Amino acid sequence: MAILGAINPMLSLGLDGDNAWRLADYVKRGGYSALKRILAEKMPQEQVINEVKKSVLRGRGGAGFPTGLKWSFMPRSFPGEKYVVCNSDEGEPGTFKDRDILRYNPHSVIEGMAIAAYAMSATRGYNYIHGEVWEIYTRFEEALDEARAAGLLGENILGSGFNFDLFAHHGYGAYICGEETALLESIEGKKGQPRFKPPFPASFGLYGKPTTINNTETFGSIPFIMSLGGEHFLEAGKENNGGTKLFSVSGHVNKPGNYEIPLGTPFSTLLEMAGGMRGGRKLKGCIPGGSSSPVVPGEIMMGCTMDYDSIAKAGSMLGSGAVIIMDESTCMVKALERLSFFYYEESCGQCTPCREGTNWLYKVVHRIENGQGRPDDLDLLASVTANIMGRTICALGDAASMPVQSFIKHYRDEFAYHIEHKKCLVPLEVQRAGSGFFKATV
């Protein structure tokens, strides 16, 4: 698997040896210098938050909400415990960047969370790690032990009077726990189901206390911002899209893997970095932000740049940066069937529109793929998605609906052909020649 380049020295994956993830290697790359300077200078909290605002760092977990603004919502003067929580519950198809940050550079996340805790008067933090990557959990635990032994976590850090301790929390593979309030419920030992909002976590979060939740990559970017300045980070990207971003590229490319590029980089450049299209085939479609984001036809995607605004104009979302590449050998009905099955299986069942609607979506797409489609099935799918979206506690219902809407919008002829001819528009020998979409996807 290809690995990202070293643009951001704090975030980039250390690959100089088997122990490159260790504290000593991180310190050699400038690690913990930002935290040490902040504590030594007793930097005002507002100054730290303003620096993050200057960077225009947008949440790297999917929503793209401005991080500095989110930090400013924390009621720092609130008496009692406050928390910072890292969302490392990376469970969406196509996503695999956060586990590599924790595998190769865990101390960037630890330092980022410590700086965040200082800025928001939090004294305790949790990193919720996806349940199907146990080795990542154990490695992060080792990194925490190193940080504590070096006096970088715990009571009176580096003699500054600042107290902050951090713990890893292991999930159990439930995709729904990637939703921030379901994640909080899980940490509390409850069933991982989303909460109604408001109240929002900033006022009523973990154990009912003020809480700020950010993604792994978001926290990992903080040391870089505080070391070289928010404006420097912003300049590495483009207006309203500060910094570099990790993109997990999978599917029909020659070198699938994680790639770090400045936001605003042309999609064609990223595709070239990933070795180009496998077998020289034509790009048919791309899911640019993880399986919950709408699919974009290849000809439109080739004109995009990799940033929040450009992808939004193309009718999709940058999301977590999981780029799924599909060539002309892909049957789009089969691809949608597999995605719909995922969301049907992962619905927590709390909301009727999502619980029942995801079941309907999968069953209808499944029968189309298996030669049992009905003339009114496409209208039925449109009706079901319209009755799911905006009617659930969390965004999983929308995440299940948007792929259905976009696949039918852009590849309606394939669905219609399946229904009319009871077989795929893409010949089986062509599909086999391309190795199949899901065999080539993480």
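Since the model is a prediction, treat every value here as computed from it, not as a measurement.
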As a quick check of understanding, evaluate side chain to side chain donor-acceptor pair (under 3.5 Å) for Ser160 and Tyr118, giving each step before the final call. CA-CA 11 Å; Ser160 65; Tyr118 174 88; over 6 Å; no
So Met302 and Leu283, side-chain contact (heavy atoms from CB on, under 4.5 Å) or not? Walk me through it. CA-CA 9 Å; Met302 291 302 293; Leu283 175 65; 3.9 Å; yes
Taking the side chain as everything from C-beta on, heavy atoms only, tell me whether Met389 gets closer than 4.5 Å to Gln405. yes
Which residue is it: Ile213, Leu183, Val84, Leu206? I am looking for the one with a side chain to side chain contact (heavy atoms under 4.5 Å, CB included) to Tyr126. Leu206
Is a side-chain donor or acceptor of Asn241 paired with a backbone partner of Glu239 at a separation under 3.5 angstrom? yes
Do Pro403 and Ser291 make a side-chain contact, defined as non-hydrogen atoms from C-beta onward lying under 4.5 Å apart? no
Hey, does the side chain of Asp398 reach the backbone of Gly390 with a donor-acceptor pair shorter than 3.5 angstrom? yes
Taking the inter-plane angle between the rings of Tyr128 and His169 on a 0 to 90° scale, is it parallel (under 30°), tilted (30 to 60°) or perpendicular (over 60°)? parallel
Any donor-acceptor N/O pair, Tyr137 side chain to His130 backbone, under 3.5 Å: no
Validation row: Ile110, Tyr32 side chains within 4.5 angstrom (heavy atoms): yes
So, Arg99 and Glu132, do they make that salt bridge, N to O below 4.0 Å? no
Rounded distance (nearest 0.5 Å) linking atom CG of Asp307 with atom CG of Leu263: 6.5 Å
Can you list the steps and then say if His107 with Trp21 is a ring-ring contact (aromatic ring centres under 6.0 Å, His included)? CA-CA 8 Å; His107 283 283; Trp21 62 274; 7.2 Å; no
Whether Glu185 and Lys191 form a salt bridge (side-chain N of Lys/Arg under 4.0 Å from carboxylate O of Asp/Glu) is what I want to check. no
Exactly one of Ser268, Ser316, Pro288 clears side chain to side chain contact (heavy atoms under 4.5 Å, CB included) with Met301, and that residue is Pro288
Report the C-alpha separation of Ile325 and Val323 in whole Å, then their side-chain angles, then the decisive distance to 0.1 Å, and conclude whether the side-chain contact (heavy atoms from CB on, under 4.5 Å) test is met. CA-CA 6 Å; Ile325 303 294; Val323 181; 3.7 Å; yes
With a 3.5 Å cut-off and no angle check, do the side chains of Asn258 and Asp100 form a donor-acceptor pair? yes
Pair Asp165, Arg148 - check salt bridge (Lys or Arg N to Asp or Glu O under 4.0 Å), show working. CA-CA 8 Å; Asp165 213 347; Arg148 290 191 189 99; 3.1 Å; yes
Donor-acceptor pair, side chain of Arg103 and main chain of Ile136, under 3.5 angstrom: no
Under 6.0 Å between the ring centres of Phe233 and Phe224? yes
For a quick check under 3.5 Å, do Glu92 and Ser320 share a side-chain donor-acceptor pair by atom type? no
Would you check if the side chain of Ser340 reaches a backbone N or O of Leu336 as a donor-acceptor pair within less than 3.5 Å? yes
Can you see which heavy atom on Glu260 is nearest to which on Leu246, and at what distance? CB-CD2, 3.6 Å
For the student: nearest non-hydrogen atoms of Glu51 and Gly230, plus distance: OE2-N, 2.8 Å
Would you say the side-chain atoms of Ser108 and Tyr26 include a donor-acceptor pair closer than 3.5 Å? no
Report yes or no: does Thr392 contribute a side-chain atom to a donor-acceptor pair with the main-chain N or O of Cys351 at less than 3.5 Å? no
Residue pair Met326 / Cys286: nearest heavy atoms and the distance that separates them: CE-N, 4.3 Å
Which of Val404, Ile324, Ile287 passes side chain to side chain contact (heavy atoms under 4.5 Å, CB included) with Leu339? Answer is Ile287
Are Ile129 and Asp89 close enough that some pair of their side-chain heavy atoms sits under 4.5 Å apart? no
Charged N to carboxylate O below 4.0 Å: is that the case for Lys197 and Glu180? yes
With no hydrogens and no angle check, is any side-chain donor or acceptor of Lys70 less than 3.5 Å from a backbone partner on Thr212? no
One pair to check against side chain to side chain donor-acceptor pair (under 3.5 Å): Gln45 and Arg76. What are the steps and the verdict? CA-CA 9 Å; Gln45 294 172 313; Arg76 298 194 300 273; 3.3 Å; yes
Going by heavy atoms in the side chains, are Tyr207 and Tyr83 under 4.5 Å from each other? yes
In terms of heavy-atom contacts, Pro223 and Glu111 come closest through CB-OE1, 3.4 Å
Taking the six-membered ring where the residue is Trp, are the ring centres of Tyr362 and Phe342 under 6.0 Å apart? no
Got Met120 and Lys82 here, is their nearest side-chain heavy-atom distance under 4.5 Å? no
About how many Å separate OG of Ser406 and CE of Met402, when rounded to the nearest 0.5 Å? 8.5 Å
To check you understand the geometry: which heavy-atom pair defines the closest contact between Thr67 and Arg58, and what is its length? OG1-C, 4.0 Å
Under a 3.5 Å distance rule, please check whether Arg278 uses its side chain to pair with a backbone N or O of Lys255 as donor and acceptor. no
Flag if over 12 foreign heavy atoms under 6.0 Å of CD, Glu231: no
Within the 4.5 Å heavy-atom criterion, are Ile311 and Cys304 side-chain neighbours or not? yes
Do you know the tightest heavy-atom contact between Met332 and Gly285? CE-CA, 4.2 Å
Could you check whether Glu90 and Ser88, counting side-chain N and O atoms only, form a donor-acceptor pair closer than 3.5 Å? no
Between Glu188 and Arg195, is the closest basic N to carboxylate O distance under 4.0 Å? yes
When you look at Met277 and Leu271, which way does the side-chain contact (heavy atoms from CB on, under 4.5 Å) test go after all the steps? CA-CA 8 Å; Met277 297 299 297; Leu271 184 60; 4.0 Å; yes
Tyr259/Phe247 under ring-ring contact (aromatic ring centres under 6.0 Å, His included): CA gap, chis, key distance, verdict: CA-CA 5 Å; Tyr259 295 89; Phe247 288 93; 9.6 Å; no
Look at the aromatic rings of Phe407 and Tyr411 and report parallel, tilted or perpendicular, splitting at 30° and 60°. tilted
Side-chain contact test, heavy atoms from C-beta onward, threshold under 4.5 Å: evaluate it for Gln193 versus Glu179 and give yes or no. no
Side chain of Lys313, backbone of Asp309: donor and acceptor closer than 3.5 Å? no
Quick one: does Ser203's side chain have a donor or acceptor within less than 3.5 Å of a partner on Pro201's backbone? no
Can you tell me how far the CD1 atom of Ile393 sits from the CD atom of Gln350, to the nearest 0.5 Å? 3.5 Å
For the pair Lys284 and Asp327, find out whether any cationic side-chain nitrogen is under 4.0 Å from an anionic carboxylate oxygen. no
Residue pair Asn87 / Asn214, side-chain donor-acceptor N/O under 3.5 Å: no
Would you sort out whether Leu152 and Leu23 count as a side-chain contact (heavy atoms from CB on, under 4.5 Å), showing the intermediate values? CA-CA 11 Å; Leu152 297 164; Leu23 175 61; 4.1 Å; yes
